[in-house]
Amino acid sequence: MFELDPRLSADTYFVGSTALSSVLLMNDARYPWLILVPERQSVTEAFDLLEADQAALWQESMRLGAFMKRHFRADKLNIASLGNQVAQLHIHHIVRFHHDLAWPGPVWGIGVAVPYAEAEAERCLSALREA
């Protein structure tokens with residue numbers, strides 16, 4: 001049975017599900033930031049997935065990335081699977097703007113996460129779910 005890593009659970013909001021993955025919103029209002037987590041137990045690397053799931057994850061990631069770039073009018077979209085702090089396979093999709101706090105570097109290690117206010121999180125989640 002699939003279980004979301006406790007750290008991902010603590011740091012995100014659940015947006016919805018795709019055929020393969022949970023879609024999560026990172027609780028950091030500085031960046032539009034979604035995470036895909038394949039709902040497969042004990043998977044740490046994309047190559048650990050069955051080939052059909054690898055293909056599905058790639059397609060989901062590309063559709064999510066295209067949506068985010070268009071929806072948020074991003075200058076760039078960063079897509080990454082690091083797993084240094086959370087081993088469970090998850091793919092970050094982070095909207096970047098030339099004027100954001102970390103530009104042009106990575107978002108990790110720059111400043112401190114700014115949690116969404118409850119009302120702002122609900123508005124964002126509602127808009128994402130509707131889109």
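No hydrogens, no waters, no symmetry mates; every other heavy atom, side chains included, goes into these values.
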> side-chain contact (heavy atoms from CB on, under 4.5 Å) between Q41 and E3: does it pass, once the steps are laid out?
Replying inline: CA-CA 7 Å; Q41 195 60 32; E3 289 184 42; 4.1 Å; yes
> Hey, any chance V23 and V43 share a hydrophobic cluster, counting ILVMFWY side chains that come within less than 4.5 Å of each other, even indirectly?
Replying inline: yes
> Honestly curious: do V95 and V107 fall in one hydrophobic cluster under the side-chain, below-4.5 Å linking rule?
Replying inline: no
> If you round to the nearest 0.5 Å, how far is CG of L49 from CG of L20?
Replying inline: 6.5 Å
> Which pairs with one or both residues in residues 105-131 pass ring-ring contact (aromatic ring centres under 6.0 Å, His included), sequence neighbours excluded?
Replying inline: W33-W108, H92-W108
> Do L8 and L125 share a hydrophobic cluster (ILVMFWY, side-chain heavy atoms under 4.5 Å, transitive)?
Replying inline: no
>> So, taking the atom named CG in L4 and the one named OG in S22, what distance separates them when rounded to the nearest 0.5 Å?
In response: 6.5 Å
> Should the heavy atoms of other residues, nucleotides or ligands under 6.0 Å from CH2 of W103 be counted, would the total exceed 12?
Replying inline: yes
> Which distance, rounded to the nearest 0.5 Å, do you find between the CG of D100 and the OH of Y31?
Replying inline: 5.0 Å
What pairs of donor and acceptor atoms, side-chain ones from residues 62-83 against any protein atom, are under 3.5 angstrom apart with sequence neighbours left out?
{"residue": "D75", "atom": "OD2", "partner": "H98", "partner atom": "N", "Å": "2.7"}
{"residue": "N78", "atom": "OD1", "partner": "R96", "partner atom": "NH1", "Å": "3.0"}
{"residue": "S81", "atom": "OG", "partner": "H90", "partner atom": "O", "Å": "3.3"}

>> Test side-chain contact (heavy atoms from CB on, under 4.5 Å) on H93 and S61; report intermediate values, then the result.
In response: CA-CA 8 Å; H93 297 72; S61 180; 2.8 Å; yes
>> T12 and side-chain contact (heavy atoms from CB on, under 4.5 Å): which single residue from I35, L25, N27 fits?
In response: I35
>> If I take atom CG from residue L89 and atom OG from residue S42, how far apart are they, to the nearest 0.5 angstrom?
In response: 12.0 Å
> Does I94 share a hydrophobic cluster with L57, counting links as ILVMFWY side-chain heavy atoms below 4.5 Å and allowing steps through other members?
Replying inline: no
>> With a 3.5 Å distance limit and no angle check, can you tell me whether R129 reaches the backbone of V15 through a side-chain donor-acceptor pair?
In response: yes
> Quick one: CD on E60 to OG1 on T18, what's the gap to the nearest 0.5 Å?
Replying inline: 3.0 Å
> Are M26 and F14 in one and the same hydrophobic cluster, where Ile, Leu, Val, Met, Phe, Trp and Tyr link if side-chain heavy atoms are under 4.5 Å apart?
Replying inline: yes
> Just by modelled atom types, is the Q88 backbone N or O under 3.5 Å from a matching donor or acceptor in the D5 side chain?
Replying inline: no
>> As an exercise, state the distance from CG of L128 to CG of L34, rounded to the nearest 0.5 Å.
In response: 5.5 Å
